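Only one structure is covered here, and it is reproduced in the block below.
All of these numbers come straight from a predicted model, not from anything done at the bench.
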Amino acid sequence: MNRGVKLALLGASLLALAACAVPDRQPDLDNIAANVEQTREGDFGEFLYNLNEAGDKAREAEEIHDELAEVPPYMNADRTLRERGVQLSEEAAEHRRRAEDALNRILDPLRARIAYLESLHVPQNVGAMTKSVYFDTGSAALGDDDQAALDEVSGFISQYPISTVIITGYADTQGSLEANRALAQRRAQAVAQALRGLGGPIAGSVSVLAVGEPDGAADSEGNQENRRVEILVAPHGTYNKGP
């Protein structure tokens with residue numbers, strides 16, 4: 001056996017020994033998968049995952065929007081990119097909704113416990129407050145005359161901060177059903193925003209509803225009750241045991 005062959009065999013033997021002596025340093029793929037799956041477990045994992053997905057997709061959609069906004073739309077130019085931007089924005093909004101749902105599932109037991117503890121300190125003879133704010137036909141603008149009612153509601157909520165607050169918007173029959181429902185929603189949102197500006201309801205305890213035209217509201221333009229936002233504040237929330 002010549003010297004070259006001997007050296008080659010010796011080198012191969014040394015490499016084999018080295019391979020046997022050094023532990024396997026390849027990543028454990030099962031461990032990686034298990035850790036990734038663990039981060040997505042439960043409501044908190046779903047919240048984190050969807051929150052990150054919403055942020056990533058929203059940023060990409062915004063980049064596409066900014067890129068296309070600089071170029072005038074000619075016929076079907078950049079149509080594929082536009083469709084991609086729309087898809088990403090819709091997916092971002094859906095991931096945000098899922099993140100909010102997961103977060104609410106985490107917070108709901110805490111809110112319920114806080115509301116129950118608060119209800120123990122609210123006298124049973126304290127009833128709900130109902131106030132109405134009125135609007136001009138076709139308008140969602142609050143007037144100066146509404147401030148007193150809003151201040152009274154805000155003061156009541158400050159006295160009983162963990163309350164169930166329901167803000168319901170109405171509209172008369174001027175216009176279509178769809179338009180009136182949208183108007184009622186704007187009115188209710190305007191009242192909710194005004195109360196928040198006064199340090200009023202906490203977000204987790206407020207429901208904003210839009211009825212639009214009330215039942216049996218035919219030809220009701222002259223009735224201001226059909227152009228109102230009704231504010232209901234129940235100090236005991238769902239835990240009212242009655243007198």
Side-chain angles (χ1 to χ4, degrees), residues 42-44 46-47 51 96-136 139-172 180-217 223-243:
D43 289 329
F44 189 71
E46 186 174 348
F47 166 70
L51 184 67
R96 176 192 164 91
R97 185 192 64 77
R98 293 180 182 179
E100 288 179 342
D101 288 346
L103 181 60
N104 280 325
R105 288 195 297 272
I106 295 170
L107 295 179
D108 279 346
L110 300 177
R111 290 171 178 153
R113 184 61 179 169
I114 292 171
Y116 171 72
L117 294 174
E118 181 70 19
S119 72
L120 299 178
H121 300 282
V122 179
Q124 292 295 320
N125 61 354
V126 175
M129 168 185 280
T130 302
K131 287 288 180 181
S132 293
V133 175
Y134 300 96
F135 294 82
D136 293 334
S139 173
L142 289 165
D144 295 337
D145 295 340
D146 302 319
Q147 193 61 48
L150 294 174
D151 287 340
E152 189 174 352
V153 171
S154 179
F156 190 71
I157 294 172
S158 297
Q159 187 175 1
Y160 305 110
I162 308 298
S163 298
T164 296
V165 182
I166 303 175
I167 301 172
T168 307
Y170 295 89
D172 57 30
N180 286 335
R181 189 172 293 110
L183 176 59
Q185 180 71 22
R186 292 197 301 275
R187 287 171 173 171
Q189 290 288 0
V191 170
Q193 186 63 34
L195 286 174
R196 291 190 181 99
L198 294 172
I202 58 176
S205 65
V206 178
S207 297
V208 178
L209 309 175
V211 172
E213 297 179 14
D215 292 336
N223 188 351
Q224 69 170 356
E225 289 298 315
N226 296 325
R227 299 193 304 275
R228 78 186 191 280
V229 168
E230 185 177 271
I231 310 165
L232 171 65
V233 184
H236 293 277
T238 58
Y239 297 94
N240 192 351
K241 306 178 187 62

Exercise. At what distance, to the nearest 0.5 angstrom, does CZ of Phe47 lie from CZ of Arg98?
Worked result: 15.5 Å
Exercise. Could you go step by step and tell me if Leu150 and Ile231 meet the side-chain contact (heavy atoms from CB on, under 4.5 Å) rule?
Worked result: CA-CA 9 Å; Leu150 294 174; Ile231 310 165; 4.2 Å; yes
For this session: State, to 0.1 Å, how close Ala140 and Ala190 come at their nearest heavy-atom pair, and which atoms those are.
Result: O-CB, 3.7 Å
For this session: Sequence neighbours left out, what passes salt bridge (charged side-chain N to carboxylate O under 4.0 Å, His left out) with Asp151? Give chain and number order.
Result: none
Exercise. Any salt bridge between Asp101 and Arg105, counting N to O under 4.0 Å?
Worked result: no
For this session: List the atom of Ala128, the atom of Leu232, and the distance in Å for their closest heavy-atom pair.
Result: CB-CD1, 3.8 Å
For this session: Take Leu103 and Leu51, measure what side-chain contact (heavy atoms from CB on, under 4.5 Å) needs, and give me the verdict at the end.
Result: CA-CA 10 Å; Leu103 181 60; Leu51 184 67; over 6 Å; no
Seminar exercise, completed: In this structure, CG of Leu183 is separated from CG of Asp172 (nearest 0.5 Å) by 8.0 Å
Exercise. Can you name the ring pair (Phe, Tyr, Trp, His ring centres under 6.0 Å) partners of Phe156, sequence neighbours left out?
Worked result: Tyr160
Exercise. Say you draw a straight line from CG of Asn226 to OH of Tyr134; how long is it, rounded to the nearest 0.5 Å?
Worked result: 10.5 Å
For this session: For Leu198 and Gln147, run side-chain contact (heavy atoms from CB on, under 4.5 Å): C-alpha distance rounded to whole Å, both residues' side-chain angles, the deciding distance at 0.1 Å, then the answer.
Result: CA-CA 10 Å; Leu198 294 172; Gln147 193 61 48; 3.8 Å; yes
Exercise. Of all residues at least two apart in sequence or in a different chain, which pass the salt bridge (charged side-chain N to carboxylate O under 4.0 Å, His left out) check with Arg186?
Worked result: none
Exercise. Within 45° of the ring axis of Tyr170 and under 6.0 Å from its six-membered ring centre, is that where the NZ or CZ of Arg228 lies?
Worked result: yes
Seminar exercise, completed: Note: Gln185 and Val208 closest approach over all heavy atoms is NE2-CG1, 4.1 Å
For this session: Would you check, one step at a time, whether the test side-chain contact (heavy atoms from CB on, under 4.5 Å) holds for Leu195 with Ile167?
Result: CA-CA 10 Å; Leu195 286 174; Ile167 301 172; 4.1 Å; yes
For this session: Quick one: closest heavy-atom pair of Thr168 and Ala188, and the distance?
Result: C-CB, 4.5 Å
For this session: Provide the closest heavy-atom pair for Pro235 versus Ser163 in the form atom of the first, atom of the second, distance.
Result: CA-OG, 3.5 Å
For this session: Please name the pair of heavy atoms, one in Val211 and one in Ala184, separated by the smallest distance, quoted to 0.1 Å.
Result: N-CB, 4.4 Å
